[in-house]
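Below is one structure, written out as structure tokens; comments come after it.
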Protein chains: 2
Amino acid sequence: MLHDPAQLDLMFQALADPARRQMVDRLSRGPASVSQLAEPLAMSLSAVVQHLNLLEASGLVRTRKVGRVRTCQIEPKALRAAEHWINERRLSWERRLDRLGDFLAEG
Amino acid sequence: MLHDPAQLDLMFQALADPARRQMVDRLSRGPASVSQLAEPLAMSLSAVVQHLNLLEASGLVRTRKVGRVRTCQIEPKALRAAEHWINERRLSWERRLDRLGDFLAEG
DNA sequence: GAAATAGTTAAGTAAACGCTTCAGTGTTGG
DNA sequence: CCAACACTGAAGCGTTTACTTAACTATTTC
């Protein structure tokens, strides 16, 4: 589910925006309400909610509403999926370089 | 240089587009010319060049022109920087969960 | 040196994005 | 019950993005 390309697409798109990365950064230190997420950002609460909805649609953040406050959490599994995508490509490249090195050393 | 927030911004922005990720994926298997990068993509060569310029500006890809062909390579250091950003946030969250578990286990 | 190749650049366009404001909804405290 | 609180949703607006086409440059090849 997490490795499906559409979800990956949403995740990388979500991470592309500085405000959303700042929100993820804040959430990495612990859960927060929408207002708490909004506090350090120089934009309206409404804008923050829109960013939050994207983050949630991407799977990077899970939220839960109790009473009138929506509490937000990071979803580490989703972060790991994005991490993994990058890691695989980098390793693929580095392994290729290693093989090339071995080949040249054999000469 | 690589951890400067502006560069990180460019990297995540570059990775946000499916076509550009496909190009990175292709390059993870070895160097390629612009035309080779373009071949599997359903868009004009011109569009591919524009994507490539973004990838290069972000630091994710390095290119070098010899004669009339521009050869492209992945820059693993840049991939690692993006990977690292995500990894730090995920670990921060997971460490927090661990401490919480320890605290509850102590009771 | 003419034609094919490989890429570049500029201009234009439609759609997506990131925001704003404003008018709500549901929740809680006094 | 009513005011403050914590969001939510829709409409609108200027900017950026992802393309396109077309005209161009520089290099090979024949």
Side-chain angles (χ1 to χ4, degrees), chain A residues 5-27 30-75 82, chain B residues 5-27 30-75 82:
Chain A
Q7 199 70 11
L8 214 52
D9 221 276
L10 291 174
M11 281 190 262
F12 277 112
Q13 203 152 300
L15 288 174
D17 186 86
R20 286 190 297 263
R21 278 206 309 285
Q22 203 177 327
M23 291 166 76
V24 168
D25 185 52
R26 165 64 187 82
L27 290 175
S33 70
V34 178
S35 314
Q36 284 173 332
L37 280 181
E39 193 255 327
L41 298 170
M43 65 180 74
S44 73
L45 187 63
S46 186
V48 172
V49 170
Q50 289 171 56
H51 282 305
L52 184 56
N53 289 339
L54 264 190
L55 283 170
E56 192 165 23
S58 79
L60 287 167
V61 166
R62 261 184 351 144
T63 77
R64 211 186 149 193
K65 193 151 187 177
V66 177
R68 63 187 167 180
V69 19
R70 173 146 76 136
T71 305
C72 312
Q73 297 197 349
I74 265 187
E75 185 56 72
Chain B
Q7 199 69 12
L8 213 53
D9 221 276
L10 290 174
M11 281 190 259
F12 277 113
Q13 204 154 304
L15 289 173
D17 186 86
R20 284 188 300 259
R21 278 207 309 286
Q22 203 178 325
M23 291 166 75
V24 168
D25 185 53
R26 165 64 188 81
L27 290 176
S33 70
V34 177
S35 313
Q36 286 173 332
L37 280 180
E39 192 254 328
L41 298 170
M43 66 181 73
S44 72
L45 186 63
S46 182
V48 172
V49 170
Q50 289 170 58
H51 282 305
L52 183 56
N53 289 340
L54 264 190
L55 282 170
E56 192 165 21
S58 78
L60 286 166
V61 166
R62 261 183 353 141
T63 77
R64 209 186 149 193
K65 195 152 183 174
V66 176
R68 63 186 168 181
V69 18
R70 173 145 76 137
T71 305
C72 313
Q73 296 198 350
I74 265 187
E75 186 55 72

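Numbered from 1 within each chain, the chains take letters A, B, ... in sequence-line order.
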Side chain to side chain contact (heavy atoms under 4.5 Å, CB included) filter on B/A47, not counting sequence neighbours, yields B/M43, B/S44
Contacts satisfying side chain to side chain donor-acceptor pair (under 3.5 Å) that involve residues 6-20 of chain B (not counting sequence neighbours) are A/R21-B/D9, B/R20-B/H51
Whole-Å distance, A/M23 CE to C/dC19 C1', equals 14 Å
Here the distance between atom P of D/dA6 and atom CG of A/L52, to the nearest Å, is 16 Å
When rounded to whole Å, the CD to P distance for the pair B/E39 and C/dA6 reads 13 Å
Residues passing the side chain to side chain contact (heavy atoms under 4.5 Å, CB included) test with A/R62, sequence neighbours excluded, are A/Q73, A/E75
Contact check, residues 63-70 of chain A vs DNA chain D, heavy-atom distance under 4.0 Å, returns A/K65, A/R68, A/V69, A/R70
Taken to the nearest whole Å, CG/A/L10 to P/C/dA16 is 14 Å
So ring-ring contact (aromatic ring centres under 6.0 Å, His included) across residues 6-26 of chain B, not counting sequence neighbours, yields B/F12-B/W85
Sorted by chain and residue number, the side chain to side chain contact (heavy atoms under 4.5 Å, CB included) partners of B/Q22 (sequence neighbours excluded) come out as B/P40, B/L41
Taken to the nearest whole Å, CG/A/L41 to P/D/dC7 is 14 Å
Heavy-atom nearest pair, A/I74 first then A/V24, reads CD1-O, 3.5 Å
With sequence neighbours left out, the residues meeting side chain to side chain donor-acceptor pair (under 3.5 Å) with B/T63 are B/E56, B/R70
In B/S/- notation (B base, S sugar-phosphate only, - none; protein heavy atoms under 4.0 Å), nucleotides 11-22 of chain D written 5' to 3' is ------SSBBB-
The complete set of salt bridge (Lys or Arg N to Asp or Glu O under 4.0 Å) pairs with one or both residues in residues 30-40 of chain A, sequence neighbours excluded, reads none
